[in-house]
Amino acid sequence: MADIKKEHELLVSVSPHIKSEETTSRIMWTVNLSLFPALLMGLYFFGPKALFITALCIISALLSERIFQKVLKKKPTVNDGSAFLTGLLLGMNLPPSLWSFNPFMIHVPIIGSVIAIVITKQFFGGLGYNIFNPALIGRAFLLISFPKAMTIWTTPTAAFFALDAKTTATPLGILKEEGIGKLIEAFGDKVNLYTQLLIGHRAGSIGETSVIALLIGAAFLLYKRYITWHIPFSFLGTAALLAWVFGGKNLETGKMLLFAGDPIVHLLSGGLILGAFFMATDYVTCPTVRKGQIVFGIGCGALTMLIRIKGGYPEGVMFAILLMNCFAPLIDRAMKSNVFGAVKEKKK
Amino acid sequence: MKEMIKITISLVIIFVAAGLIMASVFAKTAPIVKIKKEQEETAARKKMMPDAESIVEAGKWEPYGKHGKYFEGKKGEEIIGYLVTTYGKGYSSYINILVSAGKDFKVKGINILGHGETPGLGDEIEQDYFKKRFEGKSLEQLEVVKVEGTDKVQAISGATISSRAVTKGVREAIQLLKEKYSGSVSARSEVAQ
Amino acid sequence: MEFGRLFELFIAASLINNFVFTRYLGLCIFFGVTKKMDTAIGMSVTFTSVMVISAALNWIIYKFIMIPLGLGFLEIVIFIGVVAGFVQAADTIMKKVSPGLYYKLGIYLALITTNCIILAVPLLNAGEGYNFIQSMVFGLGSGIGFSLAMIIMASIREKLELADVPKSFQGLPISFIITGLIALAFLGFSGLITL
Amino acid sequence: MSNAENKVSYIGLIKNGIFAENPIFRVALSLCPAVAVTSGVKNGFMMGLAVLFVQVMVNVTTSVVRKFIHPKVRIPSYMFIIATWVTVTDLSMAAYVRDVYAQMGLYIKLIVAFAIILSRAELFASKHKVTPSFFDGLGMGIGFLFALVIIGFFRELLGKGSLWGYPIVNTKPLLIMILPTGGFFAVGILMGLFNWIDMKFFGGGGASGGGH
């Protein structure tokens, strides 16, 4: 029993339902704050329409939480920042040109938020009990439901109704379809490619592009000890390693070239940074045991690269995290099995 | 002992009665299934090659280890084109394709016979606009590109893998036809000259 | 080459076309036994082994008895008979040879005979025309996929015991929704067989 | 059991199948087809019809031969009866409704493993005369059909924007509904709704009677 106690003291990221409400809401609002630099960069690159999408997501997330709790006569928790965070993350994960395909698709972000809040979170009893990351489920649901609108990407412009914004592929899309050569060509040279990826001047979701801004937010969270290094670093490390080993491809034959991949491109694109620091680390949906968190991170990294290299989608972060969300309770169970008391104590 | 006999007898009677029912239904339905299936297949082939007076099976082949066939479309004694059933390895299934080709080994048209691709994305391969993209393509042109305005096959946006699978299946079918027939055709054209 | 195809078949059967998440089979058992992890694990072991063996048995019978005699139309009756007979035999043998194992897994055996997932394997094998090895690999892949689904589900439901699920959604409805969410995550695997 | 009592309950038996003991929403047996074939109303309806036919025939047959079957071989005999009628259905559908059969042949074959059919044969038909057994089968079958059509209605309308294959709106409003995820969601939410209605208007979950 002494062991368990010690472990709980070390945990910064205990499931929020154990901690007091004030702490939960402070953590949540801090995470929201740490996402702001990336959001601002996204707004700068993609213009007011990005702001509109994100705001729509946040408002509908807050509203659906409030309405659901009102209907079920539950205590309102709208102010704890978690619904805001879900809406914000969902908005940051949507393509800025969502309705350049069809201007009447304003319902898309709203549906995403409702699915995220109601089905993924409130049906399970609210914050602290959800199995899956709500924002990611919302995005996955939208990706499958509106496959065309969700995969149209535009080059960064700052026009509001930029229906004529140039459609283009994301860096990973180019990498998957046409190879690294074409990607470097598209950005001029390799150095320019890396810097542009770092700054975020490229096609992609609203909040995923600016790696540098995301890293600032992540560093802040690490410094405040709201997240720990275990998940993000094992996630990124695994992904980088696998990208280097298996990411190379002989364009002529289409065969895989070992040890020829470009890990930097993979790390800097496709929402990997956003996913690793802000979504895989979600307190509720990842394992609570440290060892388990490392396993979780490695699993995320491996699945991401499996989907990117072998799978049907150019970017795999979302599905990788969701798949590992399925396994999180199992990992927790396996890692805790030697101290049976832990499960009992939680049950009360 | 008496009980055992009773059980056995009752079981045997049930088995025999059930067997009779099933066998009679089978006897009635099996020919219908066979005839309808043949009719459907013939109709599908006929639709792909309306000019031909007869379409004769010329051989079997095995794309991806599946069972494909190829046919000669004839008008009188003369071959006017070919039909091939082929497969493409798609996103989540093997796509069964019927390819119609002229004597010059250019694609005349394709039809999707069966697939299990993602609804809404991959299943767009069934749409006419996509099938039309194959018309008149030669072996060299049967390649997938993502942009408009080339002489190659343009992919369905969002369903590159399915598009590529269909294209690859068609290309293999044309290749098969070239292997089987190009010798005889060139020989014949030499004679004509 | 042959090995590559078998591996592909295995991955397709276990992950991409997972029996529960994309073929919607075995749901009664799936929801029935995943309330507890121990049951789920016991069921996994039993199911996977029965699936492989029944795939093999049924393949032999289909190939060497039903096809030559033109009895393909009796496949439903015969496959069910074979599975039932085999399960009965396994039950008896296990009771005699290894009572410990029987005590652990025997109760699951009784549930198996009339289960659609066990029956689906030989039916699909016959429909796809797999050879002997392929049939067994398909059975194994399906069994492992089903086991994976059950174990994930059991661990999630265990965690949910504490959760404050709305009253009308407790039990099966929420289980359906969890399954839907897992199925959504499993969509990430689609496209993997395209090399 | 008097004759009069039976007569009154025929309609009750059907009602029972649709509401109180609805095979999918209430008793929760044979769930696979609820998700598998309900991506469209037509498939759901055809499947429901097939199950209805098998259930009625099995109930009638079982009831006819109930005194003749030895109790020791009861279950195997029922299984055999079910398998026979499923084969008949399977073969007939393969011949006469080929387009539907092409999409859901496997699930038609798997009717044989539906717990609901065996359970009705064992719980009801083996103890009752032919006519009530017929109506019980009819009720259960209609309940099944009803559930499948409702689920199919929502999924097809949302997923494909059509009903029975005829387009209603010209887009696909929520494509995910015809995929497995959408199916599970639809069944889960409808089940929750049925529970909620039951609790709200009929006073709690005591409604499902029978032998379960």
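First the proteins, then the strands, lettered A, B, ... as listed; each starts at 1.
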Trainee: Which atom pairs, one a donor and one an acceptor, fall under 3.5 Å between side chains of residues 135-158 of chain D and the rest of the protein, sequence neighbours left out?
Mentor:
{"unit_1": "D/Asp136", "atom_1": "OD1", "unit_2": "D/Arg120", "atom_2": "NH2", "d": "3.0"}
{"unit_1": "D/Asp136", "atom_1": "OD2", "unit_2": "D/Asn59", "atom_2": "ND2", "d": "3.3"}
{"unit_1": "D/Asp136", "atom_1": "OD2", "unit_2": "D/Arg120", "atom_2": "NE", "d": "3.2"}
{"unit_1": "D/Arg155", "atom_1": "NE", "unit_2": "D/Met177", "atom_2": "O", "d": "2.7"}
{"unit_1": "D/Arg155", "atom_1": "NH1", "unit_2": "D/Val35", "atom_2": "O", "d": "2.8"}
{"unit_1": "D/Arg155", "atom_1": "NH1", "unit_2": "D/Thr38", "atom_2": "OG1", "d": "2.8"}
{"unit_1": "D/Arg155", "atom_1": "NH2", "unit_2": "D/Met177", "atom_2": "O", "d": "3.3"}
{"unit_1": "D/Arg155", "atom_1": "NH2", "unit_2": "D/Ile178", "atom_2": "O", "d": "3.3"}
{"unit_1": "D/Arg155", "atom_1": "NH2", "unit_2": "D/Leu179", "atom_2": "O", "d": "3.3"}
{"unit_1": "D/Glu156", "atom_1": "OE1", "unit_2": "D/Val41", "atom_2": "N", "d": "2.6"}
{"unit_1": "D/Glu156", "atom_1": "OE1", "unit_2": "D/Trp164", "atom_2": "N", "d": "3.3"}
{"unit_1": "D/Glu156", "atom_1": "OE2", "unit_2": "D/Ser162", "atom_2": "OG", "d": "3.0"}
{"unit_1": "D/Glu156", "atom_1": "OE2", "unit_2": "D/Trp164", "atom_2": "N", "d": "3.2"}
{"unit_1": "D/Glu156", "atom_1": "OE2", "unit_2": "D/Gly165", "atom_2": "N", "d": "2.9"}

Trainee: Where does D/Ile189 contact chain C at under 4.5 Å (heavy atoms): side chain, backbone, both or neither?
Mentor: both

Trainee: Taking the side chain as everything from C-beta on, heavy atoms only, tell me whether C/Ile177 gets closer than 4.5 Å to D/Phe184.
Mentor: no

Trainee: Of the options C/Phe186, C/Tyr24, C/Phe21, which is the one that meets D/Pro180 in a side chain to side chain contact (heavy atoms under 4.5 Å, CB included)?
Mentor: C/Tyr24

Trainee: Let's test your reading of the structure: which of C/Ala120, C/Gly180, C/Ala183 forms the most heavy-atom pairs below 4.5 Å with chain D?
Mentor: C/Gly180

Trainee: Enter the distance from C/Glu75:CD to D/Asp90:CG here, rounded to the nearest 0.5 Å.
Mentor: 7.0 Å

Trainee: Applying side chain to side chain contact (heavy atoms under 4.5 Å, CB included) to C/Leu25 and D/Tyr107, what does each step give before you reach the verdict?
Mentor: CA-CA 9 Å; C/Leu25 291 175; D/Tyr107 298 98; 3.6 Å; yes

Trainee: Just one of D/Ile108, D/Val86, D/Thr89 clears the side chain to side chain contact (heavy atoms under 4.5 Å, CB included) bar with C/Ile76, so which one?
Mentor: D/Val86

Trainee: Nearest 0.5 Å please: distance from the OG atom of C/Ser175 over to the CE atom of D/Met191.
Mentor: 9.0 Å

Trainee: Report the distance from atom CG of C/Leu119 to atom CG of D/Leu110, rounding to the nearest 0.5 Å.
Mentor: 5.5 Å

Trainee: Mind checking whether D/Asn195 and C/Leu172 have side chains closer than 4.5 Å, heavy atoms only?
Mentor: no

Trainee: Once you round to the nearest 0.5 Å, how far does CZ of D/Phe185 lie from CG of C/Leu181?
Mentor: 4.0 Å

Trainee: Quick one: are D/Phe80 and C/Val77 in side-chain contact, heavy atoms under 4.5 Å?
Mentor: yes

